[in-house]
Amino acid sequence: MSSAVQSAAPARSAFWPAFAALIAGAMAMGISPILVRLTDVGPFASAFYRVLLALPVLYAWMRIEESKADTPDTGPAFSLPVIATGVFFAADLFFWHLAITNTTVANATFFATMAPLWVVILGWLVYRRRASRAAMIGLGLCLLGGLALVVQSLGFAPDHLIGDGFAGVTGLFFGAYFLAVEKARLRHRAARLTFYMSVVTVVILAVAALWATQSLGQRFLPAGAAGWLVLIALAWVSHAGGQGLLSVALGSLPVVFSSLVIFLEAVAAAALGWLVLDEPVSLLQALGGLVIIAGIWVSRPRPA
């Protein structure tokens, strides 16, 4: 027997702060492809530092959140949902950092943000949960808009296929990550979840980074202060800010809708790719961005 249509809308007082956190998180994550391109270390090392250097910020946030809480967090720090969240995010970053070094920023971000499709599919397979009609219409519009962002590159850049494939795998793990965060937020507050899942992630990525250094000859340490500053920005903005705000939002908002808003990451990445990396944005791509915004608006939960 399938469950009811997923998640009733939150109260208006809870909706707007969570929605603002979700948009801010998507924008913060949208900066990450640019920062990864600017790093002077290997892709696995940059993924490792992205999480490692965020841990002090996340720990401070957790301590502040817990000091203001009326009741203690329930469950063990490394509960099964927390571990699953960390594993899925490590896999997401592993393939994501490969993708953005083997294809364009717009392509990598689009295929990675196929996560909403996987949220719907995995939500049905695991929980037998149906998405609402509005969410499905919004998903269709977002996918159409996202396709418009990359259709020109897909048609004329066959050398990007390997990178696009890596990004597609990223989308699968990012979709699983959304569902794991949703589950973990039933037992843990946002800061505690984000910190402990990051600990799990950084252990996995440390192994990957050291293997890449020894076996593939990838650079592990930045060449100078500028390299460290880029990695700190990647950690504090894209991970602590992006993933932290996503954890906040998923405590109040439906998971399918939340995953759709992440399509704004593709819009932000394409715009920044144009401004910073001189990757031009066509009229079709601009229209695609507008269609994504329309899809998010259509799928929004109506606050009670």
Side-chain angles (χ1 to χ4, degrees), residues 1-30 81-82 84-85 88-89 92 112-146 170-194 197 241-268 291-304:
M1 176 71 73
S2 64
S3 67
V5 173
Q6 185 251 340
S7 296
R12 186 177 300 274
S13 59
F15 173 81
W16 290 112
F19 185 52
L22 191 58
I23 292 177
M27 295 295 109
M29 285 184 280
V82 171
T85 300
F88 290 145
F89 190 65
D92 165 56
T113 51
M114 292 291 285
L117 182 60
W118 288 110
V119 168
V120 172
I121 294 172
L122 295 174
W124 166 255
L125 291 175
V126 177
Y127 300 118
R128 289 292 187 266
R129 183 169 59 192
R130 295 180 292 112
S132 69
R133 181 182 178 186
M136 293 304 295
I137 293 173
L139 173 60
L141 288 172
C142 286
L143 290 174
L144 183 63
T170 297
L172 169 61
F173 282 112
F174 201 25
Y177 168 78
F178 269 96
L179 293 171
V181 171
E182 180 196 33
K183 188 75 171 179
R185 283 288 277 123
L186 297 175
R187 301 177 63 182
H188 304 287
R189 284 186 289 270
R192 184 178 178 86
L193 166 61
T194 308
M197 79 87 177
Q243 306 309 137
L245 289 167
L246 178 59
S247 295
V248 170
L250 280 170
S252 300
L253 296 176
V255 66
V256 175
F257 170 73
S258 298
S259 67
L260 289 180
V261 173
I262 299 302
F263 266 101
L264 290 176
E265 182 182 347
V267 178
V291 172
I292 287 174
I293 293 172
I296 292 169
W297 178 255
V298 167
S299 65
R300 73 193 188 282
R302 276 59 175 179

Taking all heavy atoms of [X] and all of [Y], pick out the closest pair and write down the distance.
X: L260; Y: S299; value: CD1-OG, 3.3 Å
X: G241; Y: A28; value: C-CB, 4.3 Å
X: V82; Y: A184; value: N-CB, 4.4 Å
X: R187; Y: P81; value: NH1-CD, 4.2 Å
X: A180; Y: A84; value: CB-C, 4.3 Å
X: M29; Y: G242; value: CG-CA, 3.8 Å

Atom [atom1] in [X], atom [atom2] in [Y]: separation rounded to 0.5 Å?
X: L250; Y: T85; atom1: CG; atom2: OG1; result: 10.0 Å
X: F89; Y: Q243; atom1: CZ; atom2: CD; result: 3.5 Å
X: R130; Y: M136; atom1: CZ; atom2: CE; result: 11.5 Å
X: L246; Y: Y177; atom1: CG; atom2: OH; result: 5.0 Å

Considering residues at least two apart in sequence or located in another chain, which fulfil the side-chain contact (heavy atoms from CB on, under 4.5 Å) criterion with [X]?
X: A21; result: L245, V248
X: A18; result: S252, L253
X: I121; result: L117, W118, L125
X: V291; result: L141

Does a donor on one side chain sit under 3.5 Å from an acceptor on the other, for E182 and Y127?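 Per modelled atom types, E182 and Y127 side chains form no pair under 3.5 Å.
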Could you please spell out the steps behind the side-chain contact (heavy atoms from CB on, under 4.5 Å) verdict for R129 and L179? CA-CA 12 Å; R129 183 169 59 192; L179 293 171; 3.3 Å; yes
Identify which one of V255, V256, L143, L139 satisfies the side chain to side chain contact (heavy atoms under 4.5 Å, CB included) criterion when paired with P116.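 With P116 as partner, V255, V256, L143, L139 yield a single side chain to side chain contact (heavy atoms under 4.5 Å, CB included), made by L139.
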Apply ring pair (Phe, Tyr, Trp, His ring centres under 6.0 Å) to F178 and list each qualifying residue two or more places apart in sequence or on a separate chain.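 In terms of ring pair (Phe, Tyr, Trp, His ring centres under 6.0 Å), with neighbours along the sequence ignored, F178 is linked to F174.
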Under the side chain to side chain donor-acceptor pair (under 3.5 Å) test, residues paired with T194 that sit two or more places apart: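 By the side chain to side chain donor-acceptor pair (under 3.5 Å) rule, T194 matches S247.
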